[in-house]
Amino acid sequence: MSGFSQIRSHTAVLNRNDVDTDQIIPARFLTTTSRQGLGKSAFADWRYLDDGEEDPSFELNQPHNRGAEILVAGRNFGCGSSREHAPWSLTDFGFKAVISSEIADIFRSNSLKNGLVPVIVDKAMHERLLAQQHDVLIDLESRTIAIMENDEPIANASFEIDNFSRFCIMQGTDQLGFLLSQMPAIEAFERARGDYEQ
Amino acid sequence: MPKTLFEKVWDAHVVVEENDDTPAVLYIDLHLAHEVTSPQAFTVLAERGLPVRRIDRTLATMDHSTPTTPVSTLKDIDVVGPSAAAQIRKMIDNCKAFGIPLRDFDSDERGIVHIIGPELGATQPGKTIVCGDSHTSTHGAFGALAFGIGTTEVGHVLASQCLLQRKPKTMAVNIEGDLPNGVTPKDLILAIIGELGVDGGTGHVIEYRGKAIENMDMAGRMTICNMSIEAGARAGMIAPDDVTFDYLRGRKLAPSGDAFESAVAKWRQLKTDDGAMFDKTITIDASTLSPMVTFGTNPGMVTAIDKPLPDKPADGSWDRAFEYMQLQPNTPIAGTPVDVVFVGSCTNARLPDLKATADILKGRQVAHGVRMLVVPGSQQVKKEAESLGLDKVFMDAGAEWRESGCSMCLGMNGDTVASGSLSVSTSNRNFEGRQGIGARTVLASPATAAASAIAGCVADPRDFAGQREEQRP
């Protein structure tokens, strides 16, 4: 996972509410034991026709949405299961950020650990982003997103991302190293509880 | 300062406090592992040369990809298909390599991870419990703080027995009144999700409170907490009481003898103090509820079975769901033809669920053309059900009786619903394609599922309970 502090891309708009993780990646693809190569299964039941060809009516198959690194989705994106295959499939598909007015907890937590930036914006900004495709700049340093036109920001919003997750994404580092550095405190906690009982 | 139940459990597990720059380090008492969300985590440990830090706090089984047909040799798992079978073998290999005891096919303790944790007594009040599965919220029924995590976090727990977490908010769901006859905990939780919506609990840990909860058995409480995630909440909790303690007494992994009594003394403190504040509170009147079913493609689209379906909102947001489900607004859902009935899953596959199913099926036949699958939550549940003769009731009625597992809840093992078919299911999610590509799912209680199997259409179980009484000689 390589770090980044900015994402600049046209958006792909998926104007559907409550997109659950079974839609992001159906359960039949979870029998993998790898985290690689899941992009082809992203949105599989919406994306492909029965004969395996792409469904031209599905938003992300439309030419103008291709190549987008930023997904704008309806309210409550990523609800449902804890499968980390959901952000794995989206990053493998090519997304680096998801923007919505609301993003489900576990999906959000999983995204932050995989270099997929969850961006929650207010309703007005959300509606504007859903209404049409835009050129968008996401800046992790300043925690802002901007709708760009001719390389100039025409609308700005700030978003929340905790310092720690932001640091890890910008550095391209995972969180396990930090957790393992806490081992003395963890061992002290166990000793204080008299805990090595089964 | 008065504390909520959640705050008491949270505070007792904070290893390092959170601050602006770093999340809290939260200690995890029990980690439940299964084959679907762990392989990539084991790979990370292997790559870094890390051991599993607390094998004694890790409980592993296999449930999602496993066949529900008998497995006497490992070759029998191949019925689930090459990829699912490979995942099962990987779990066996990983547990062996890392020294984790695995509730494998030869174990009579195997089952759905959220069924066996409580059944073995590993789930206890006041514990922090995690699993790479969103329905980990089930264990909150014991006054534990239990929530689902992703695979990266599975790796964190395996390596450190801790997680990096920001403290969630709290929500009280107060249940007023008693559940009417014929209305079950599943109906109550569906009504709660209908009220909250599928995102109403986002960012929160719910505590369910009130007399209807106190009067509920542990199976019912687990059904309630299980579906907390369907309202967006990470966790649901219920304060432990004598019902909880009686359930745990004598279970294999629960404390025994004097240790149990002193544990109970501690567990009794695990309740929300008078005057403690919740970030959000909602109240539901249980006394006016009917059996509930879902009609759409998320668990928040809920209706009373004896009422017409609601109108479509003007913004078009339900159009797709009605179209997918092939249902019409303003018409009753009762009477809709059913193709498949599934009784099972971590939501409703415990012994009382199977008893409720058998109560309605006894002496009756599953309607012609309806396939009914009854999948016990664990091998233990299977054994107990068989000792009561429930298996015979199911098979005499024409239902299939299977080995334990997640099965048709998400169809990972090949137990799927055909495209376009309508399934009345006691599971937890009615998402598009959840039970199979194009499958239409109506979530319901075991009683409603059984009634629908007999009627061949979505049916009110209260009608059947009444008839059965009349039929008695």
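Because the structure is predicted, anything quoted here is derived from the model rather than measured. Residue numbers start from 1 in every chain, and the chains themselves are labelled A, B, ... in the order their sequence lines are given, proteins ahead of strands.
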In terms of heavy-atom pairs under 4.5 Å with chain A, the winner among B:Thr43, B:Thr297, B:Thr151, B:Thr37 is B:Thr151
Smallest separation among heavy atoms of B:Gly148 and A:Ser82, with atom names | C-CB, 4.5 Å
Considering only heavy atoms and a distance below 4.5 Å, find which of B:Glu230, B:Glu153, B:Lys90 pairs most often with chain A.
-> B:Glu153
Under a 4.5 Å heavy-atom cut-off, does chain A meet the side chain of B:Thr202, its backbone, both or neither?
-> both
Once you round to the nearest 0.5 Å, how far does CZ of A:Phe164 lie from CZ of B:Arg166?
-> 9.0 Å
Toward chain A, the part of B:Leu50 with a non-hydrogen atom under 4.5 Å | side chain
For B:Arg429, is it the side chain, the backbone, both or neither that has a heavy atom under 4.5 Å from a heavy atom of chain A?
-> side chain
Could you list which of residues 90-104 of chain A have a heavy atom closer than 4.5 Å to any heavy atom of chain B, in residue-number order?
-> A:Glu102, A:Ile103
Counting only heavy atoms closer than 4.5 Å, note whether B:Ala12 contacts chain A via side chain, backbone, both or neither.
-> backbone
Scored by heavy-atom pairs under 4.5 Å with chain A, the best of B:Leu410, B:Val44, B:Ile437, B:Thr136 is B:Ile437
Enter the distance from B:Arg48:CZ to A:Asp174:CG here, rounded to the nearest 0.5 Å.
-> 4.0 Å
Is it true that A:Glu190 and B:Arg53 make a salt bridge, defined as a side-chain N closer than 4.0 Å to a carboxylate O?
-> yes
Check the pair B:Val15 / A:Gln182 against side chain to side chain contact (heavy atoms under 4.5 Å, CB included), numbers first and verdict last.
-> CA-CA 9 Å; B:Val15 174; A:Gln182 305 298 304; over 6 Å; no
Part of B:Val16 lying under 4.5 Å from any heavy atom of chain A = side chain
Could you look at A:Gln175 and say if it's the side chain, the backbone, both or neither that has a heavy atom under 4.5 Å from chain B?
-> both
Without hydrogens or angle criteria, can the side chains of A:Trp88 and B:Gln40 be said to hold a donor-acceptor pair below 3.5 Å?
-> no
Considering only heavy atoms and a distance below 4.5 Å, find which of B:Glu432, B:Arg234, B:Arg434 pairs most often with chain A.
-> B:Glu432
Give, as side chain, backbone, both or neither, the part of B:Val14 having an atom under 4.5 angstrom from any heavy atom of chain A.
-> backbone
For chain B, find its close neighbours in residues 141-158 of chain A: heavy-atom separation under 4.5 Å, sorted by number, or none.
-> none
When rounded to the nearest 0.5 Å, the distance separating CZ of A:Phe178 from OG1 of B:Thr22 is 4.5 Å
Contact part of A:Leu176 toward chain B, heavy-atom cut-off under 4.5 Å: side chain, backbone, both or neither?
-> both
Choice from A:Ser81, A:Pro87, A:Ala192 maximising heavy atom contacts with chain B below 4.5 Å | A:Ser81
Region of B:Asn298 in contact with chain A, defined by heavy-atom distances below 4.5 Å | side chain
Contacts with chain B made by residues 14-43 of chain A (heavy-atom distance under 4.5 Å), listed by residue number | A:Arg16, A:Asn17, A:Asp18, A:Asp20, A:Asp22, A:Gln23, A:Ala27, A:Arg28, A:Leu30, A:Thr31, A:Thr32, A:Thr33, A:Ser34, A:Arg35
Can you check whether anything in residues 105-138 of chain A gets within less than 4.5 Å of chain B, heavy-atom wise, and list it by number?
-> A:Asp105, A:Ile106, A:Ser109, A:Asn110, A:Lys113, A:Asn114
Quick one: which of B:Pro299, B:Cys162, B:Ser65 has the most heavy-atom pairs under 4.5 Å with chain A, could you say?
-> B:Cys162
How close do A:Met183 and B:Ala159 get, heavy atom to heavy atom, and via which atoms?
-> CE-O, 4.0 Å
Calculate, to the nearest 0.5 Å, the distance between atoms CG and CG belonging to A:Asn163 and B:Asp21 respectively.
-> 5.0 Å
Under 4.5 Å to a heavy atom of chain A? For B:His13 that would be both
Please state whether the side chain, the backbone, both or neither of A:Phe189 comes within less than 4.5 Å of a heavy atom of chain B.
-> side chain
Under 4.5 Å from any heavy atom of chain A - which part of B:Ile229 = side chain
Under 4.5 Å from a heavy atom of chain A, the part of B:Val198 involved | both
